[in-house]
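Everything below concerns the one structure shown next.
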Amino acid sequence: MSLDMTYFNEMEAKIPHGKVRTRFAPSPTGYMHVGNLRTALYTWLIARNAGGTFILRIEDTDQGRLIEGATDVIYRTLAECGLDHDEGPDVGGPVAPYIQSERRDTYGKYAELLVERGGAYYCFCEKTESAEDSGEFDRADDPCRDLPLDEARARVAAGEPYVIRQRIPKEGTTTFHDAIFGDITVENKTLDDQVLLKRDGLPTYNFANVIDDHLMGITHVVRGSEYLSSAPKYNLLYEAFGWEVPTYVHCSPVMRDSQHKMSKRHGDPSYEDLKAQGFLTPAILNYVALLGWSPRGERAEQEFFTMPELAEAFDIAGISKSPAIFDIEKLTYFNANYIRNMAPEDFARAAEPFIRQSVKNEAYSVSEIAALLQARCEKLTDIPEKVDFFDALPDYDLAFYTNKKSKTDAAVSLEMLQKVLPKLEALNDWSTDGIHDMLIAFAEELGVKNATLMWPLRIACAGKLVTPGGAVEICKILGKDETIRRVKRGIEKLGG
């Protein structure tokens with residue numbers, strides 16, 4: 001009995017051709033780890049660099065590992081990162097559906113086609129699922145491999161449980177080409193007859209990948225180098241179907257150190273974690289792009305890239321074979337640069353939730369506080385402890401008033417605060433310029449350095465040795481009444 005090829009011909013007719021098509025195909029099993037984000041980014045960059053199509057496909061065939069809400073994390077992360085997809089479950093496209101569980105009938109049909117072509121066989125052996133997953137299966141001992149097809153189909157028709165396995169050639173070698181690692185040859189006897197279609201009718205990851213990549217017209221497949229060992233079996237599947245093999249781009253892993261891959265189990269951060277730690281999305285993307293890829297030519301020395309610049313510069317040949325080590329200090333350096341270069345209103349918007357963690361009093365202006373912080377923080381999470389003194393003056397040590405460089409000690413500080421208090425009380429122009437001009441003129445009148453007057457005023461108003469902004473800016477934000485109250489409190493502490 002030969003299969004009717006009408007369905008397969010119709011599927012072939014739908015496949016888009018003529019330009020680069022890449023896909024990001026995550027499993028909805030939790031957070032977006034750094035390696036996964038890098039795969040999404042490289043896949044998007046390859047498509048955008050070539051003016052091609054970027055596709056989102058949800059691979060949910062492993063039903064036991066699915067986590068509720070994980071698909072929303074994928075959509076949200078891609079949207080936040082600007083990795084816009086041209087086709088996908090939410091936007092549709094010419095080769096829908098883009099969710100594997102909705103393509104179940106497709107895999108079954110192609111598995112049967114592969115059986116007919118001799119590239120696979122029905123297997124009725126009782127095996128535990130863990131043994132199937134492990135790949136530890138000696139095909140020489142599998143009596144089903146040599147069953148006549150008519151007999152196997154009769155057993156299927158009788159309702160006997162089965163899986164469909166790939167028929168790997170017993171002899172010879174398989175060679176595949178990878179854009180990063182070049183030609184790799186393996187002996188076929190080292191490959192197992194992997195399961196393609198499970199007893200529940202759902203495909204295994206490896207089979208669904210090949211079918212979907214072909215039917216969606218994928219030209220470049222970007223994935224981790226841990227899948228290099230599976231590539232020969234992918235190649236044999238493509239050859240058995242008579243299909244063109246896409247360009248493989250296997251990326252070496254992102255490592256926590258020289259010995260260990262990054263892992264959530266070991267506390268390594270996901271994209272969501274990095275955001276929660278105060279890193280900006282553009283900084284994360286810029287840094288992740290350089291984890292295993294280097295620009296070439298006139299951009300070879302460039303560190304900081306916008307997304308359009310990355311898309312223009314990205315070249316598969318710049319991807320390294322060597323593992324990349326994730327360095328949180330380097331990411332912090334990138335983040336600080338991005339913070340410095342944000343438009344002030346954009347920084348204020350990003351900083352507001354962190355400012356409001358410790359500055360609950362809405363009388364204090366977020367934009368004014370943000371202006372003090374922008375040049376003085378490396379991560380957004382630095383902010384709360386830097387500005388908590390606005391809401392509540394901390395119980396500070398009198399030793400703070402002593403500073404050699406400013407030529408102050410407790411006695412000098414008391415004198416400065418007592419003398420400046422009436423000046424503050426009399427000041428009508430409570431603006432940054434008004435406060436600044438009054439203090440500078442008053443220091444000159446007293447015959448002291450500016451810092452001799454400013455240091456004790458800042459300590460009295462902030463109660464901290466290190467503050468974002470000096471006495472002038474702090475007084476302006478606090479307002480006249482609160483500034484005077486704190487100066488009086490400083491005089492009392494100093495025994496005045």
Side-chain angles (χ1 to χ4, degrees), residues 30-38 40-41 72-74 76-83 254-257 262-264 266-291 303-307 310 324-362 364-392 394 462 464-469 473-474 477:
Y31 63 95
M32 180 83 79
H33 59 72
V34 169
N36 223 7
L37 178 61
R38 186 185 66 170
L41 177 59
D72 293 334
V73 171
I74 293 166
R76 185 171 66 246
T77 301
L78 292 179
E80 286 180 6
C81 294
L83 304 179
V254 179
M255 310 287 284
R256 177 170 16 118
D257 53 42
M262 288 187 75
S263 165
K264 184 72 170 176
H266 292 103
D268 295 317
S270 66
Y271 166 73
E272 295 281 346
D273 293 333
L274 291 172
K275 273 182 47 195
Q277 290 169 18
F279 293 100
L280 301 169
T281 295
I284 296 171
L285 287 169
N286 193 155
Y287 178 64
V288 167
L290 299 173
L291 278 176
E303 273 191 312
F304 299 100
F305 289 84
T306 63
M307 290 293 277
L310 276 175
I325 295 179
F326 182 84
D327 182 351
I328 199 75
E329 294 303 320
K330 185 74 170 177
L331 174 57
T332 302
Y333 158 76
F334 270 82
N335 204 64
N337 180 277
Y338 271 84
I339 285 176
R340 306 281 186 278
N341 288 290
M342 290 177 81
E345 59 273 19
D346 291 340
F347 176 72
R349 198 175 304 114
E352 182 169 8
F354 296 88
I355 291 171
R356 288 301 181 209
Q357 281 180 32
S358 57
V359 183
K360 311 289 187 188
N361 187 343
E362 295 195 2
Y364 297 139
S365 163
V366 163
S367 60
E368 288 184 359
I369 295 174
L372 303 186
L373 292 163
Q374 189 163 1
R376 296 177 175 88
C377 68
E378 296 181 316
K379 298 180 294 183
L380 297 176
T381 45
D382 295 342
I383 291 173
E385 67 174 2
K386 288 181 181 290
V387 297
D388 55 3
F389 66 87
F390 281 110
D391 258 19
K464 286 191 168 193
L465 286 171
V466 179
T467 56
E473 295 89 352
I474 291 169
I477 293 170

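Small disclaimer: the values here were computed from a predicted structure and weren't measured.
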For a ring-ring contact (aromatic ring centres under 6.0 Å, His included) check, start with the C-alpha distance between Phe304 and Tyr333, then their side-chain angles and the critical distance, and finish with the verdict.
CA-CA 11 Å; Phe304 299 100; Tyr333 158 76; 5.8 Å; yes
Verdict with reasoning, Thr77 to Glu272, per side chain to side chain contact (heavy atoms under 4.5 Å, CB included)
CA-CA 8 Å; Thr77 301; Glu272 295 281 346; 4.0 Å; yes
Stepwise side chain to side chain contact (heavy atoms under 4.5 Å, CB included) check, Val34 with Leu274
CA-CA 9 Å; Val34 169; Leu274 291 172; 4.1 Å; yes
For Gln277 and Ile328, what are the C-alpha separation, side-chain angles and deciding distance, and is it a side chain to side chain contact (heavy atoms under 4.5 Å, CB included)?
CA-CA 11 Å; Gln277 290 169 18; Ile328 199 75; 4.3 Å; yes
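Remark: the backbone N or O of Ala351 is not paired with any side-chain donor or acceptor of Arg356 at under 3.5 angstrom. In this structure, the side chain of Asn36 does not engage the main chain of Met32 through any donor-acceptor pair within 3.5 Å. Looking only at distances, no side-chain donor or acceptor of Asp346 sits under 3.5 Å from a matching main-chain atom of Met342. Side-chain atoms of Asp388 do not come within 3.5 Å of backbone N or O of Ser358 as any donor-acceptor pair. Under the 3.5 Å distance criterion, the side-chain polar atoms of Arg256 are left unmatched by any main-chain donor or acceptor of Asp327. With hydrogens and angles ignored, the 3.5 Å screen pairs a side-chain donor or acceptor of Asn335 with a backbone N or O of Leu280.
Taking each heavy atom of Lys360 and Asp391 in turn, the nearest pair found is N-OD2, 2.6 Å. Nearest heavy-atom pair across Ile383 and Cys377 is CG1-SG, 4.2 Å.
Considering CG of Asn337 and OG1 of Thr332, their distance stands at 12.5 Å, rounded to 0.5 Å. Atoms CG and CG, on Leu380 and Leu373 in that order, are 10.0 Å from each other to the nearest 0.5 Å.
With contacts defined as side-chain heavy-atom distances shorter than 4.5 Å, the pair Asp273/Phe279 does not qualify. Residues Met307 and Cys81 are not in side-chain contact: their nearest non-hydrogen atoms beyond the backbone lie 4.5 Å or more apart.
Under 3.5 Å, the side chains of Tyr338 and Asn286 contain a donor-acceptor pair of N or O atoms. Between the side chains of Tyr271 and Thr281, a donor-acceptor pair is found at a separation under 3.5 Å.
By the 30° and 60° cut-offs, the orientation of the rings of Tyr287 relative to Phe334 is tilted.
Counting non-hydrogen atoms of other residues, nucleotides and ligands closer than 6.0 Å to CD of Glu345 gives a total above 12.
Using a cut-off of 4.0 Å between Lys/Arg side-chain N and Asp/Glu carboxylate O, Glu385 and Lys464 are scored as not salt-bridged.
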